[in-house]
Amino acid sequence: MDLSHVTAPNAEAERARYAELARRSHAVITHYQDVGGAYPASPTFSAYRGFAWLRDGSFTVEGVSRYGDTASANRFHDWAAGVLTRRRSEVDALVAARARGELPPVERMLPTRFTFTGENGSDPWWDFQTDGYGMWLWAAVTHAERHGIDPARWLPGFEVAVDYLVTSWDRPCYDWWEEHVEHRHVSTLAAVRGGLVAVADHLDADRRATALGVAEQIRSLVLAEGVADGHLTKWLGTSEVDGSLPSCVVPFGLVDGTLAEATLSAVAADLDVDGGVHRFTADVFYGGGQWPLLSALLGWNLAARGDTAGALRYLRWIAAQADADGDLPEQVPHHLLHPGSRDEWVARWGPVASPLLWSHGMFLILADELGLLPEGTS
Ligand code: BGC
């Protein structure tokens with residue numbers, strides 16, 4: 001393990017702390033994994049209890065795959081592929097409606113979160129979000145390639161996700177934060193494109209051509225309407241940024257070069273406070289705190305560009321947010337953008353979600369990028 005970037009006088013103690021948190025992260029994720037394979041977003045949080053999101057799950061499973069737990073990761077992907085395969089006729093109906101020139105209402109689109117048995121929830125939710133379907137394609141193919149698994153075992157699920165995305169990618173939908181259904185969100189488009197590109201070579205020739213055609217359209221659209229002041233924007237036609245935008249560089253590869261650099265810089269300049277990254281400047285959810293998973297996303301990008309010191313700064317900040325048991329929350333309140341809005345959320349849904357499995361998955365990813373997972377894993 002290369003520890004040259006951990007330069008603190010007590011480097012060994014710091015390395016041991018990260019290894020311990022990585023073990024804890026893996027333990028939390030696998031402890032709560034449902035017997036059927038789903039990863040609950042946050043097992044104890046009132047509003048999320050009983051549900052698994054494709055978005056959270058895709059990043060969580062990437063962390064588990066990097067940690068080397070192929071059995072847990074396979075169980076998640078088997079679950080997701082099964083859930084999607086059972087949506088075959090629903091997606092066929094959506095595709096047929098679009099082919100007739102109809103635009104199916106938002107309520108008829110596939111959900112963003114599922115019960116552990118793959119059903120829609122009965123509570124109303126901000127359900128039309130396409131990003132998770134692209135993320136799952138990316139996560140499944142990445143996991144299969146990493147561990148030499150034949151991705152064909154998930155092909156029926158891939159086909160449903162691809163058909164759904166090519167019939168819905170151009171529609172406005174809710175974003176990563178389940179907001180603004182009226183806009184087309186750049187991070188959502190990047191995730192959809194990233195999934196289509198990742199899975200393309202595993203599809204039949206017609207689907208492959210369609211998927212790659214949509215991927216190209218997404219790129220052109222974002223370059224034409226999703227750039228301002230030299231950086232990517234939160235949605236098409238604004239100049240604001242969002243903490244999810246680094247994903248358009250790593251892992252989803254929508255942009256590189258100067259546009260990528262400027263996007264990472266703009267996100268850090270507007271949203272990073274002492275290593276804790278906010279979602280967006282207008283965020284009022286629990287007062288708009290800092291999200292460990294977004295610090296990890298920015299750190300992952302820096303690590304991928306060779307800036308290990310910059311990436312380690314984020315890992316250090318995240319590790320400092322773990323509670324006495326080593327659990328990581330969804331957000332922390334040290335720096336709130338809108339402190340007056342915190343209490344109403346506590347009254348509505350109780351304390352902030354913790355543990356949040358997505359936060360733990362992102363810790364594993366960043367620790368792996370820095371070569372700081374415990375010996376014998378990955
Ligand atoms: C976040 C979503 C997340 C969900 C479950 C919401 O508050 O905005 O990004 O998928 O919680 O963790």
Side-chain angles (χ1 to χ4, degrees), residues 25 28-29 32-34 38-63 76 80 83 110-116 120-121 123-136 138-139 173-181 183 185-188 190-192 234-235 242-247 252 271 277-297 321 327-333 336-338 341-342 344-346 348-363:
S25 289
V28 167
I29 292 168
Y32 289 113
Q33 183 170 24
D34 183 66
Y39 292 129
S42 183
T44 53
F45 183 64
S46 66
Y48 306 165
R49 199 182 295 131
F51 286 97
W53 275 250
L54 287 178
R55 173 175 44 253
D56 298 47
S58 297
F59 287 107
T60 302
V61 78
E62 172 66 5
F76 172 77
V83 167
L110 297 189
T112 192
R113 61 179 204 165
F114 298 89
T115 66
F116 302 155
N120 292 22
D123 310 343
W125 200 258
W126 303 270
D127 253 326
F128 178 32
Q129 305 171 26
T130 50
D131 61 325
Y133 291 84
M135 289 167 183
W136 176 64
W138 163 81
C173 68
Y174 293 103
D175 66 1
W176 283 36
W177 316 126
E178 325 204 289
E179 297 183 359
H180 294 291
V181 70
H183 287 300
H185 302 276
V186 172
S187 299
T188 296
V192 170
K234 182 171 167 65
W235 58 67
D242 188 278
S244 61
L245 284 173
S247 69
F252 299 127
L271 300 172
V277 177
H278 292 281
R279 297 195 299 179
F280 51 96
T281 51
D283 189 9
V284 295
F285 186 53
Y286 283 87
Q290 296 154 295
W291 286 51
L293 68 92
L294 291 180
S295 297
L297 180 61
Q321 311 314 316
D327 287 356
L328 288 169
E330 181 179 62
Q331 62 169 283
V332 293
L336 295 174
L337 295 170
H338 301 279
S341 299
R342 184 172 173 81
E344 66 196 67
W345 283 99
V346 176
R348 182 172 170 188
W349 281 354
V352 164
S354 184
L356 187 86
L357 272 61
W358 185 4
S359 298
H360 285 285
M362 295 300 289
F363 181 82

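Read the numbers this way: they start at 1 and go in the same order the structure lists the ligands and their atoms. Reckoned from all heavy atoms, side chains included, excluding hydrogens, waters and symmetry mates.
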Aromatic ring pairing F285/W291, orientation class (parallel under 30°, perpendicular over 60°, tilted between): tilted
Between R113 and A52 (side chain of the first, backbone of the second, donor and acceptor by atom type, cut-off under 3.5 Å), is there such a pair?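 Here the side-chain-to-backbone pair does not exist.
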Can you check whether D127's main-chain N or O pairs, donor with acceptor, with T112's side chain at less than 3.5 Å? no
With rounding to the nearest 0.5 Å, note down the distance linking NE2 in H278 to CG in L294. 10.5 Å
If the criterion is any heavy atom closer than 4.0 Å to an atom of ligand 1, which residues make the list? A41, Y48, W53, R55, D56, W176, W177, E178, R279, F285, E330, L356, W358
Centroid-centroid distance, Y48 to W53, less than 6.0 Å: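 When the ring centroids of Y48 and W53 are compared, they turn out to be within the sub-6.0 Å range.
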With a 4.0 Å cut-off, would you call R55 and E178 a salt bridge? yes
